[in-house]
Structure formats: C-alpha cells, structure tokens
Number of protein chains: 2
Amino acid sequence: MGTTQLESVPEPKYWHLKTVLSDALDSEFAVGEILPNERDLAARFGVARATLRQALEQLELEGRLQRRRGVGTTVAPPRMGVAVGDAGHVWPGAATDSWQAVDGVEAAPPAAVARLLGTGAEESVHTVRRIRRTHGQAVAAELLYVPAASVPGLAAIDAPGGAARARAVLRELQRLQLEGQERSVELGSARADDAKQLDRLPGSPVLVVTTRYSAGGGTAAVAVATYRADTCRLTFDGLLAG
Amino acid sequence: MGTTQLESVPEPKYWHLKTVLSDALDSEFAVGEILPNERDLAARFGVARATLRQALEQLELEGRLQRRRGVGTTVAPPRMGVAVGDAGHVWPGAATDSWQAVDGVEAAPPAAVARLLGTGAEESVHTVRRIRRTHGQAVAAELLYVPAASVPGLAAIDAPGGAARARAVLRELQRLQLEGQERSVELGSARADDAKQLDRLPGSPVLVVTTRYSAGGGTAAVAVATYRADTCRLTFDGLLAG
DNA sequence: AAGTGGTCTAGACCACACC
DNA sequence: GTGTGGTCTAGACCACTTC
C-alpha cells in the first residue's frame, strides 16, 4: 500500500518508440521526405539499433514508411486502392484490365492449385505470368493456371512460349461463358521470383488473392495474385446498386 | 572467365532455414505438435537464436506455426476460411451472422472514419464493438460507427451503454434500406485493445476490412473489422450465378 | 570510397504459463 | 521454481546505391 499508481505495465520500448515516430511522421515530415539513418535515430532515442529497427519494421508493415537498402528510409504516401473486385465480372485478360502478360509456359501447377482445378497431381496446365502496374509502379504479380481443356482452340496456335503465348491463352479464355468467381485473400510472404518483379526483398509481406473462375459447370482457371502489402489497399466494388 | 558457375547469390541464413523448417513441417510434424524450443533449435542448426527467430517469424506470418509465450511453438492447422463477402447483402447484426455485440458507446470516431462517414471532425457517433467467433476461437474484432442520423429511433431507447445498447443500435440499423456496400482490405498491426480480444500480442499482423454501408443516398455506417492474419483466409462469395 | 539498410552474433533479462 | 517465447544490447560484417 502507499505506492501511488505509477508503475503500470512495462510497455515494450519498440512499441513506445513506434507511437512516438508515428506522431512525428504526422506532424513533422512530408511524404517522400528522408528520415535520419537508423544509427543516428537509435542514438537519438537512446536504444540499440535492433530495437529501433523493430519499430521501423512495424511502421513499414503499416505502410507508413518505405525502406530501401543503400538509399534510406522515406515517408510513404498513403496506400493506393487497387480494385480486385469484379469490375464487370470478366475473365482475366479483358481489354480493360491493367495487367500485362509477361510469359506463358506449360507446367505442372503447385499441389494446392491442382486441387482447386480438379486436375491430376502431375497434369501440366497453361501457366501465364502477368504483372499489374498502377501509376507506373508494379503492385502485383500473378500466376494464372488454365487447364488445356478450358482452351481447346489453343493447340492450333502453338506459340513457342513467352508473352505471345500468354496472350494467346488469355484470348482463348474470353470465348468461354463466365459463370462465377470465388475469391479469397490471405497474408503471405513474397517468393523470390515475385519479390524481384515487385521490387521488394524476398519474404516481404504480400496479400495473396486466389481466384477460381467457373465455366461450364467446373473450374476453368485459377489465378494466384500477389499484391504488395505495404503499398496496396485492395478494394471490392459496391455489390448492390451503387 | 574460367570460374565455374558456383558462387551464386549468398542466400540469407534465415531464408534457407525457413525452407528447411518448412519442409520438415510438411514431412515430420503433425498439426498441433510442439516443436523443440528456440534455444535448442538454434543450437541444432548452428545459428544464433535471433536468426532462428527470424525464420520462425516468417513461418508464423504464413500461418504455418503458432507461438505462445510461456508455452511453446506448435504446428498450426490450415487457415480457416471466413466469409466477409456479402452473404445476403445484409446489415451487420442480422440474425444469421456470427458476430457478438460486446459494447456500445457514443464517441468521436477516428479522423479517417469521420471522413468516410462525412460527419464533422468532432461529431460523436454510436460506436459498437463486436467480436466474431468461429469454431470457438475469436477471429476478428470490429468497431462499427453509426451516426445518430442513421438511427433516429434510438433516442427513445436510451440504453445506458454496454452490450444492450450495442444491440439496440444494430436493431435500429435493420430498419434502413441497404443500398450497397464498399469494402477494402489492407494489412495492419493489431492495436492493444484488439490484440487483447484476439488473444494476440499488440502489433501482430492483422487484415483490416473496412466496409462502408450506403443507405438513403449517403453513408449510413462504417465498419472497421480486424481479422487475425495468422489464422484467417478471407473469402468472398461467388458473385454471379453460383 | 562513403553511406545506407540487411544480416548475424552471443550474450542478458523480462513476462508468462505450468507445475 | 522451471521452462517457454518476447525484448534488448553492443557490437560486426555484408549488399547495395550513390557520388
């Protein structure tokens, strides 16, 4: 008894640091501005560099900061909204979308995708790689899996591979009657190849959007799109009357 | 010249460690099984504990592991799919939904929410806190903001606050004609209060789902739901014919 | 060459769960 | 009390960008 209520819970240093930095970002820094380097910041707050980094990591996760090796830490602009909702309920590759076909090959999909497609474990499917750009920046990398049965007209084309073949697959898809699509969103970490295309380090947090396209009573295609979690806010369009 | 192609890129230790552990999880561990503790694991792989922890953090981010202080690290079950799509296009609080009202107060919303609502900066609104449980586990915490103008019948009720008042607000909402809803999903880190209700540490990664409900030509309510990113996969229902 | 963030180490102590 | 994961330190070196 007698002790006045002051101790409270020992809030972690990095947590307190994060709130202090967050307030400073709001009041004292402009978007794009460069922060002092990590060693200076750590010294200024009287903590080890690792602790300071823990706070910066959180702020980067929340999209408040952007860190680039060899360059520095800058104040990030607000996240951009990117529409993943069904703008018009169309197949991937419609003329209006913001994706760019990069490559197309034939290969066996990951087990999880094969399960969604309902194909055999080792059965190879058309695999199209696309990139989505918004305001000049790459925001998402996608792998689209299309079983040969979904695009019967494609055999005649026989493009060698590469972007031309990718476009051919997308073109054939448009012929089908799209009956529905199911989507899911979850947190993931960027694989090495995706990270490279998104200009991020491997392992950086991404939002993985998996879409199952239905046609002819079955699954005609599956898309796995990897969005940069630091810069993107996924938007789903109004679902009733607008 | 002359040097054979062997050096390659120096892959970070924690990254390599992560893939090794990931493979081991697939082949040698069952869901729910407890892993050796971090000090033992680090010694076994010949790395510092901090490096081992970096690999574990990634695996936890991907939903492969679950770590609990004082207990240990266990193999996580596959993420559960939780529907955030518009199951029936209904107001929050409909009889069918899986949310539980916890508290209701009147307070000024955060600036970002006030902007969505179109209310004044300091204008207070009904604020309902709800929790969503699936399979007995808390998967999401939500704050629902409802301007007084949206629920004109509420003044007569004048519940004191708490769960009863929260339910009253939800009940009044059902009277309105829902015209549409817009949703967005982004990555965030759990605030202290949300973390507590979700049985996570503050700062753990969450998926923030913001929904704007339209009625009467304006915004009738805004919901900010915080989902555990480690255990949840958000699903959006089929949008055309099923 | 200089400066930045990214990785890694080998310790220490703390908060929490369980016995 | 014992054992677990969580926090923190004070260094070191590496990879990358820029000048």
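Between Y227(A) and the choices R132(A), R233(A), E142(A), the side-chain hydrogen bond (donor to acceptor under 3.5 Å, both in side chains) rule is met once, by R132(A).
Atom CG in L52(A) sits about 16 Å away from atom P in dG11(D), given to the nearest Å. Rounded to an integer number of Å, the gap from D199(B) CG to dC16(C) P is 13 Å. Atom NZ of K196(B) is separated from atom P of dA15(C) by 17 Å (rounded to the nearest Å).
Between D199(A) and R68(A) there is no salt bridge, since none of the side-chain N atoms of the basic residue sits less than 4.0 Å from a carboxylate O of the acidic one. Remark: R200(A) engages E60(A) in a salt bridge, criterion side-chain N to carboxylate O under 4.0 Å.
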Tabulate protein N/O versus nucleotide N/O from nucleotides 1-8 of chain D, keeping only pairs under 3.5 Å, one per line.
unit_1, atom_1, unit_2, atom_2, d
dG3(D), N2, G70(B), O, 3.2
dT4(D), OP1, N37(B), ND2, 2.9
dT4(D), OP2, N37(B), ND2, 3.0
dT4(D), O2, G70(B), N, 3.1
dG5(D), OP1, T73(B), OG1, 3.2
dG5(D), OP2, E38(B), N, 2.9
dG5(D), N7, R39(B), NH1, 3.1
dG5(D), O6, R39(B), NH2, 3.1
dG6(D), OP2, R53(B), NH1, 2.8
dG6(D), OP2, R53(B), NH2, 3.4
dG6(D), OP2, R67(B), NH1, 3.4
dG6(D), N7, R49(B), NH2, 2.8
dG6(D), O6, R49(B), NH1, 2.9
dT7(D), OP1, Y14(A), OH, 2.8
dC8(D), OP1, K13(A), N, 2.2
dC8(D), OP2, Y14(A), N, 3.2

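Between the Q197(B) side chain and the D194(B) main chain, no donor and acceptor come within less than 3.5 Å of each other. S27(A) places a side-chain N or O within donor-acceptor distance of the main-chain N or O of D23(A), the cut-off being under 3.5 Å.
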